[in-house]
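Just so it is clear, the model here is predicted, and its values are computed rather than measured. Lettering follows sequence order; numbering is per chain, from 1.
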Amino acid sequence: MSLTSAVNGLIHRHLAWLHRIATNRPGATLAVSLLLLLLSLASIATTRFESDVFQLFPARSGALKLLLDTLRWTGSANEAYFLIEGEPAILAAESERFAGRLRQLAIDGRPAFKRVTYRLYEEKDVVPFAAFVGRAVIMPQLFLSPEQVPAYLERLTPAGQRAALDGTVTALASQAGMGMAELMTADPLNLRDLVLPRLKKGGQALDLDPASPYFLSRDQQVLIMIAEPDRPVQDMAFARRLASAIDTARQGAKVRISCAGAHVSAAIDEATMKREILLCIGSSLLVVLALFFATYRRWLPTLLLPLIIAWGVALALGVAGAVLTSVHIIAFAFMALIIGLGTDYSIHLYDRFHMERSRGLDRDAALELACLDTGHGIFTAATTTALPFLCMVIADVRALSELGLLVGLGVIATMYATFLFLPPLLLFMERRSPAARYAPLPGFGLASVWRLAQRFPLPFRATAVIVVVVAAVSATGITFEGELKNLQPRNSEAFLTQEKIERHLAISPKQLLVAIDGTDRDSVLKQGGLVDSLVSGYLQDGRLTDYSSIGMLVNDADTQRRISEGLRSELAGRNPAAEVRQNLELAGFSLEPFGSFLTGMAGLASATEQPVAAGIDLLTASPLRGVVNRHLHRDEAGYHLISYLHYRGDEFPVDSFLNDLQRQVPGARATSIDLVSRQLAELVRRNFLWSALLGGVVVLFLLLAHFRDTQGVFFSLFPVLAGVAAMLGLMAAIGMGINFMNAMVLVTILGMGNDYGMHIAHRVGSARCGENMADSFVQAGRAVLLSALTTIAGFGSLAFTDYGALSSVGWATNFGIGATALFSLVALPAFFRRSGGVL
Amino acid sequence: MRLLAVFIMVTLPLAANAAPIPPLQALENLRQGFAEMRDFTAEITQEKQLAVMKRKLVSSGSVRFRKPDLFFMELKPPYASRMVLRDRAIELYFPKEKNRQQIALPAEEGLSRWLDLLAKPLTAVPEGVEAKADLTGETQTLTLSPRKTGQVRAITLTSGSDGRLRKLVIEERNGNRTAITFHRLKANVGLGEKDFRLE
């Protein structure tokens, strides 16, 4: 006995057993099913759903790991962002009010936010800030940009000093003078104007108005507020309550306030996505039930469909929830497939039963044919669908493995639900209404299609081949869409806010991060200097728009030497301290408060190089510590130095830079959104290929086992392969690219689509034994047509969701399933001989 | 706090009182006088004696206010500056230097907070403030001293029997002293947004 015969024998025995227990022991079957359902519901109740796109992909190495690391190091991963838009005149005042409300928000008796930041520094920072400025302005070799040295020296000339002191007196006489006394004593010549802008800019990831004490955009249109929620985003209950509290806080504001960040995405976007998915599932279910009822005109089987689907979904989700730590919302969305697929099995089984009864077969014989003969087709269809999905469990891309597990389990569960729940219901209906009449079912024009295809097979086949070739040629032009943000909900608040931040506050359209890690700070800083040297070339010839690193904020030894030499040479023969003392007296100042400044002036002409680390320590101890925190992080693994490269687009040759970086600073790592997209695309491609290969082998084996010849395999695979070609060709023709999400549809189409050809081949093939082939085609074709429509209603409806990832999946499904069904129903009949087999 | 004190006191014309009054009553009189006011303008003379300077800085200028939270102050040369305060946001402009600055006041010093306080009758002297009031002839003097160790030590407000503010003195703990004398105070003159522009 061959392996395929043995497998077929096992399947027959298994189906016979299912048929037996379903019809003979329906009570016990129902009790066990209910128990399984309860266990599943308990598991689902404890399952956590995630919505963060980054969580879909493995982050063990490469650009994605570094990106997530930097988000963690800089604290950005856990921050909430508020964008305040309105009349420039009231923006600051309204922001102050809103910040006050945010600070008062409490959840469970604790402040909702650990900090709310929207100004460069607070009043409590005035004294330490003045102290830092007092040190920084008399250490130009450490903190002064080389380009500012001439201006610094100009300020030290007698005329420069007098002009600066005039300005200081005017400021002291103004209403701001009271709060600025410390600062003016620390720096009476206003040298901070030459030192602070570089430090201020280096501490900001955003392009802010330098004249404003607020985080205000340069166009003064928006103000950004950054807040750190009290608890991490993983605490979903907290995130939901926080989102609700934020809504309360922004009520009644005279400005528009929108928010983004992990918590907001987790709570608001999750709710939006869940609502959309559930709405989609609900409407799909209605359409599916309407289609089923419109065709078969039977209430009870129609009403059983949602129960079969619900049981299958619950069982799959329950098992997945038990074995996974969390389920991603996108993987969950793929459960919508179950509506279509779960219905398919009922359609095929009921259609066969109805047709046999309308032909006059008795109840038991019709049910046995439906459960065992068509049931064999259903079993093969379900396994050829489920196993490729389950093969995806091996993928290290979470999106693929989770959806593979969920859909694979769901398909199997709904198939068993169909075999276990539908036959007893049909028997119950027969017993309740023994005289019920089974009217002939609508043919949907399939008989005419069969006749035409049989009469003119060559034109049909030629047309099919031409369509496939044209589609395949068109498919070669398909692009890969690697932009992750396009997968997010397009109208969600978090997405729109993020877009506004990019529009008003981004330093440049693109950013690349370089990180250097090590346990020795000096060594890390030294390597950072090498990165600075490399980047300076790109910066000078305009291939980069901006660059920020520790080395650009605290001068290295060489730069310090040059500045010190410049100071020594220009101040030779002069006594800056005496000159300042004289001018201070002339302006009417007492000299005592300016002791530190005058001492610093006295040392200027003999300024020597300082360790870079000394400058970093000085900054770290000041209110400008954020400048350091943005560039240098320390954790248990050591130091991580981050440099930020800003560029517009193609003018910066990323690959060439990465090669240079690897050559000159071998330990450096780099990341950017583009590099992450590239890494993910490669991951998805590798996972997809392995899954498709493994799934393909399994499907081939199952089809061979089912048909025991290659003709059946051809009938099953031709429509789906032609359908995939048409899908890709159509997508390319309308400018729709493949992305991380809809690439998965290729796997699902291969799994689902072969069912259509397989069911038709199974029924038409069995008609060779005397049954009318046209009737068999019409019966199977009707079920296939309904299956395709229910799948489109169930899964293709995702096309209309706001979530870009789901929408692209929906459209791809519509194209793929639609084309596969068309090839199965219109082209496939032309390949059957009247006497059976392939023409 | 200091800046706010300047503003608050400038905005409160005194109601005339015939006899020595408790501080709370003096404050309530100020509040009632302010309640009837939509806006006002005044000319000022400012004298600043700073701890870091040997000489006094004397300037003249003007102030403007419009409810609910808009305040403008201009000093003329030689120490020319203009300031607009909207609640907690200060904008400063120095015409000679052509330098514009923005300053954010601490939350507790926002105009709206104080205006909210003045919206209803006072039943007690504001928390954390010690107040003294006396009457000499037709001149009433009210001194407010924050108990908290802040920069302001005392604010002294002098007014005449016509309820018009005459002088405001702010003393700081570091020895700084600012005295602002008011002339030609006009209430409800119908100030518009253009009267609060820096340039």
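The contact between A:Ala171 and chain B is made by backbone and side chain atoms together, counting heavy-atom distances below 4.5 Å. Only the side chain of A:Thr185 has a heavy atom closer than 4.5 Å to any heavy atom of chain B. Only the side chain of A:Glu585 comes within contact range of chain B, with at least one heavy atom under 4.5 Å from a heavy atom of that chain. Residue B:Lys54 touches chain A through both its backbone and its side chain, counting heavy-atom pairs closer than 4.5 Å. Heavy atoms closer than 4.5 Å to chain A are found nowhere in B:Pro77, neither backbone nor side chain.
Most heavy-atom pairs under 4.5 Å with chain B: of the set A:Thr170, A:Asp166, A:Val169, this distinction falls to A:Thr170. Interface check for chain B: of the options A:Ser174, A:Ser95, A:Ala92, the most heavy-atom pairs under 4.5 Å are formed by A:Ser174. The most heavy-atom pairs under 4.5 Å with chain A, out of B:Arg82, B:Glu91, B:Gln46, come from B:Gln46.
Using a 4.0 Å cut-off between charged nitrogen and carboxylate oxygen, A:Arg192 and A:Asp187 count as a salt-bridge pair.
Classification of the A:Tyr214-A:Tyr118 ring pair by plane angle, with boundaries at 30° and 60°, yields parallel.
A donor atom on one side chain and an acceptor atom on the other are not found under 3.5 Å apart for A:Glu154 and A:Tyr152. The closest side-chain donor-acceptor pair between B:Gln140 and B:Asp134, if any, does not fall under 3.5 angstrom.
Formation of a donor-acceptor pair under 3.5 Å by the B:Asn188 side chain with backbone atoms of B:Phe40 is not found in this model.
Checked against the 6.0 Å centroid threshold, A:Phe143 and A:Phe132 count as a close aromatic pair.
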